[in-house]
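As the structure is a computational prediction, the values presented were derived from the model and not from experiment. Reminder, nothing fancy here: chain letters follow the sequence lines and each chain counts from 1.
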Amino acid sequence: MKALAVRGRRILFVGGKGGVGKTTTASSLALQAAEAGKRVLLVSTDPAHSLGDLFDTRIGNRPRRLHPNLDALEIDPEDEVNRYLAGVESTMRGFVHPEMYSEIERQMALTRHSPGAAEAALMERMARIMGEAEGDYDQVVFDTAPTGHTLRLLTLPEIMTAWMDGLLKSRDRSESFGRAVRRLTGDPAGEGALSGATSQAAASEEEKGRSADELSWFQQAEEGPSDPRARRIRELLMARRRIFSGARRLLLDPKVTAFVMVLVPEKLPVLETEKAIAVLREHRVPIAGLVVNRVLPEEPLGEFLESRRAQEAEYLNRIDRIFSQYVRIRVPLLRRDVQGMESLREVARHLPIVD
Amino acid sequence: MKRWEVWAEKLRRAGSLMREFYIAPHRGVVARAKRDEDDLFMLLVFSEMMGIPNPASYYTLEVLPLLYEGFHEWHIRMGMERSPLDHFKCC
């Protein structure tokens, strides 16, 4: 029997077009792993959360236990933005002259309402969860928002890492110039000062040439900036870079991460899945397989549904043809809505997983 | 003061003058290079507010408080007499 090879993966993404059953699939996979003895964290990233509704309980921005081995949380981007801004505010109190507080507060208010803020906060939280969950959980299952959003998450760590690298390099050059100026200003023994400066310049020239992915040279800046502000800026940028490059590394590691695409045998979901898989492949994100959801069950259905079935067969054929290289699991349409643990177990029976 | 000590002092002073004479231009060059680099950093971090898309503006917000101090000098140096930001009036 076909099965999704996701049991050993630490991070699981469940994606697909809106309404195809991502939340159900993610929950069923998570429950299955939990009942097999793994400690699982189920995370909803869709701004319109429905995880709580599925489990008939309230789930918030903090992990909540649903089952002895299963915790769930629904990321609340607004809450994340507020927490972040509170952090910025406390930095501000430490470094900015009180006269300027109102200006920065205005800036923060703008950020709070800018369209990108919630998304940026969501991405950051996801990246942090990926990095930090390892000790507490064997597996994290992300129930993602509709496809476009998820794909952005995949590209973001790359862009952010590059951006932070650019900023850090700029800081780095500034600091090495600063050191050189200090040497030229001090009155050390004779001609040593000038030659020291030239070798410094040569060293920074060399640094520029090194590969962007190498973090070591950022850290080994021997003296580090002497100005507390410059030091703090560097620390903040470094911390950001670490989060994003960590997420990126995990995301692309086929031993750690697996992506499960959910679709239903209809025209638009098939097309969207095709596009999504092309993007995932382009970014070399490991794909574990497809879940073809709500397939009409194999029993007489009456004339109306039989004609639906004929159309469905075309799409199922098409799915088998285009996605032939991936594992495809068919989950039948059930008699009733999937609601609560028992019906998730029923879904799980159709959704076998292996290591 | 002995005569040789006076000479030694004069020589020392001449030496440090010479040193300054040769080193000062280099120091100026390096200091300017540092300032250019800092200006560029400022531009990267403040770019969004000036209409240049910055994919990281949300994430770099936290370094802004550390940069405001130098903001006024920066926009003057960039040839902008008044603060270029609607919401940031430092002068």
Step by step, would you call B:Y59 with A:M123 a side-chain contact (heavy atoms from CB on, under 4.5 Å)? CA-CA 11 Å; B:Y59 301 116; A:M123 307 278 178; 3.7 Å; yes

Under 4.5 Å to a heavy atom of chain B? For A:T111 that would be side chain

Atom pair CG/CD1 of B:L67 and A:I233 - distance to nearest 0.5 Å: 4.5 Å

The interface call for B:L64 against chain A, heavy-atom contacts under 4.5 Å, is side chain

Would you say A:E175 and B:E37 make side-chain contact, with heavy atoms under 4.5 Å? no

Flag side-chain contact, heavy atom, 4.5 Å: B:V63 against A:T91: no

In Å, rounded to the nearest 0.5 Å, how long is the span from CZ of A:R112 to CG of B:L61? 10.5 Å

For the OG atom of A:S170 and the CG atom of B:D38, what is their distance to the nearest 0.5 Å? 7.0 Å

Would the distance check show the side chain of A:R173 and the main-chain N or O of B:K34 forming a donor-acceptor pair, the cut-off being under 3.5 Å? no

Sort A:F244 into side chain, backbone, both or neither according to what part of it lies under 4.5 angstrom from a heavy atom of chain B. side chain

As an exercise: rank A:M92, A:R229, A:E124 by heavy-atom pairs under 4.5 Å with chain B and give me the winner. A:R229

Quick one: pull up CG in A:L167 and CG in B:N54 and give me the separation to the nearest 0.5 Å. 7.5 Å

Check each atom of A:M160 against the heavy atoms of chain B and say whether the ones under 4.5 Å are side chain, backbone, both or neither. side chain

When rounded to the nearest 0.5 angstrom, what distance separates CG in A:L236 from CG in B:L66? 6.0 Å

Heavy-atom neighbours of A:E105 CD exceed 12 at 6.0 Å: yes

Counting distance only, does the side-chain N/O of B:R27 pair as donor-acceptor with the main-chain N or O of A:L184 below 3.5 Å? yes

Contact part of A:E89 toward chain B, heavy-atom cut-off under 4.5 Å: side chain, backbone, both or neither? neither

Can you confirm whether or not the ring centre of A:Y84 sits under 6.0 Å from the ring centre of B:Y58? yes

Atom CZ of A:R281: over 12 foreign heavy atoms under 6.0 Å: no

Option in A:G178, A:G166, A:A121 with maximal non-hydrogen atom pairs under 4.5 Å from chain B: A:A121

